[in-house]
Amino acid sequence: MTITTRFAPSPTGYLHVGGARTALFSWLYARKHGGKFILRIEDTDLERSTQESVNAILEGMAWLGLDYDAGPFYQTHHFDRYKEIIQQLLVQGDAYYCYCSKDELEQLRTEQMANKEKPRYNGRCRHSEGREEGREAVVRFKNPVDGVVTIKDLVKGDIVVANKELDDLIIARADGSPTYNLTVVVDDMDMGISHVIRGDDHINNTPRQMNILKALGADLPNYAHLPMILGSDGARLSKRHGAVSVMQFRDDGYLPEALLNYLVRLGWSHGDQEIFTIDEMVEYFELDDVNVSASTFNMEKLLWLNHQYIMNSDPAHVARHLSWHIGQLGIDPADGPALVDVVKAQRERSKTLVEMAAASVYFYQDFDTYDEKAVKKNFTYGSDQVLAHLHDNLATVNDWQGEAVHQCVINLAETLGLNLGKVAQPLRVAVCGSAVSPAIDVTLALLGKEKTLARIKKAILYIKSLN
Ligand code: GLU
């Protein structure tokens with residue numbers, strides 16, 4: 001059997017964390033088994049589906065690196081096929097026209113509720129023959145009345161549902177348009193989906209979909225329903241919990257691998273390993289190891305993982321992502337040091353790329369203001385003199401390397417009989433605008449001689465203006 005999985009989002013919003021995890025698990029399963037991963041856009045709800053959402057989903061998938069072997073397929077392009085299948089089910093006697101009006105259904109519902117029965121369609125039109133012209137009708141699937149459906153769920157184990165619990169589902173609306181359960185079934189069948197991996201919010205649909213597949217004589221796929229993701233307050237993860245859109249994580253400075261690593265651990269584990277390369281995820285991923293119970297989204301852990309990835313990934317890779325954030329700040333990376341060197345200098349202290357970009361602006365742009373606290377502490381009486389000496393000594397350094405620059409600062413401290421901090425800190429504030437930066441030799445090497453000297457001069461004038 002060729003393993004074929006699919007991710008089938010409805011384009012009614014951005015790609016959220018839950019959707020991304022479903023996509024990742026489906027992707028991993030296909031990759032692990034050398035199978036096929038399909039992207040299918042379930043856009044039949046014409047009122048709620050938007051092109052903007054489609055774009056957001058495609059953008060999210062691309063950013064995460066979840067590549068698909070086929071698609072994106074759009075269900076709105078398959079209407080003829082769905083109609084053909086509806087027709088087939090009608091002809092076979094597995095579906096029928098239902099003429100019950102909204103009012104009649106509402107009345108039925110009220111009666112059932114009053115009798116403390118579960119509200120469900122009572123099959124009144126089950127025996128209608130053919131199509132009565134001139135009357136509005138939906139098409140319902142004739143669900144078997146006896147027996148049970150057993151979902152052999154690869155995550156949750158066997159789930160047995162009695163057919164008498166399932167009423168006759170509408171598969172075509174009065175305007176002829178197919179409903180969700182029908183379109184999913186037809187596509188899963190036509191696309192040869194071997195494993196339906198999706199959120200457990202769909203578990204109620206599964207026995208109905210299995211019955212339709214059986215009526216069509218199709219092979220049943222395997223099912224794996226993934227447990228919910230909860231917010232820290234125990235409620236289902238939603239916008240209320242902050243960033244749930246995948247692209248928001250990019251905007252907030254996360255690396256896609258860190259988010260993937262976080263997502264793979266959300267409901268799945270492999271011993272107590274926390275950090276996985278993509279290859280390891282593919283190698284170790286098993287549906288058997290997916291938790292049965294819901295998992296809780298933990299921002300702190302994601303942040304920790306992001307820092308691990310920032311520190312330990314190839315700096316050139318991190319630099320490519322940093323470049324986007326630097327661009328967001330309106331900075332041209334050509335105006336300063338190579339981003340890869342900035343990454344090496346800043347990665348220990350930056351938990352996100354947003355932090356890293358913000359803490360690196362001074363490498364690329366001059367500034368007019370200094371951090372107030374840093375000024376109070378370091379631009380003290382006489383510091384302009386120290387900076388003036390530094391300026392002259394640094395001006396003589398020809399080979400502008402960290403070591404030479406460092407030596408120059410040490411020598412001056414010794415000559416002036418000051419401890420190193422009394423020289424290095426005013427210098428740091430002069431060139432960075434604040435008292436926070438990588439080691440002074442690294443900072444100056446990255447900044448370059450010209451900018452360093454110009455900023456020292458400017459700081460001297462500033463200190464003079466304070467007195
Ligand atoms: N389109 C459905 C959704 O976005 C998923 C359907 C499925 O995976 O079967 O929730």
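We count ligands from 1, going down the list as the structure has it; atoms in each ligand are counted the same way.
- Within 6.0 Å of CG in Asp368 there are 12 or fewer heavy atoms belonging to other residues, nucleotides or ligands.
- In this structure, Arg124 fails the cation-pi test against Tyr121, since its NZ or CZ atom is not both closer than 6.0 Å to the six-membered ring centre and inside 45 degrees of the ring normal.
- At least one side-chain heavy atom of Tyr82 sits less than 4.5 Å from a side-chain heavy atom of Gln75.
- In this structure, the side chain to side chain contact (heavy atoms under 4.5 Å, CB included) partners of Phe367, at least two apart in sequence or on a different chain, are Tyr362, Tyr370, Arg455.
- At a heavy-atom cutoff of 4.0 Å, ligand 1 is surrounded by Arg6, Ala8, Pro9, Ser10, Glu42, Tyr180, Val184, Arg198, His202.
- Taking the six-membered ring for Trp and thresholds of 30 and 60 degrees, Phe249 and Phe297 have ring planes inclined between 30 and 60 degrees apart.
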Check your understanding: Would His321 and His325 satisfy ring-ring contact (aromatic ring centres under 6.0 Å, His included), going step by step from the backbone distance to the final call?
Key -> CA-CA 7 Å; His321 288 279; His325 291 279; 8.3 Å; no
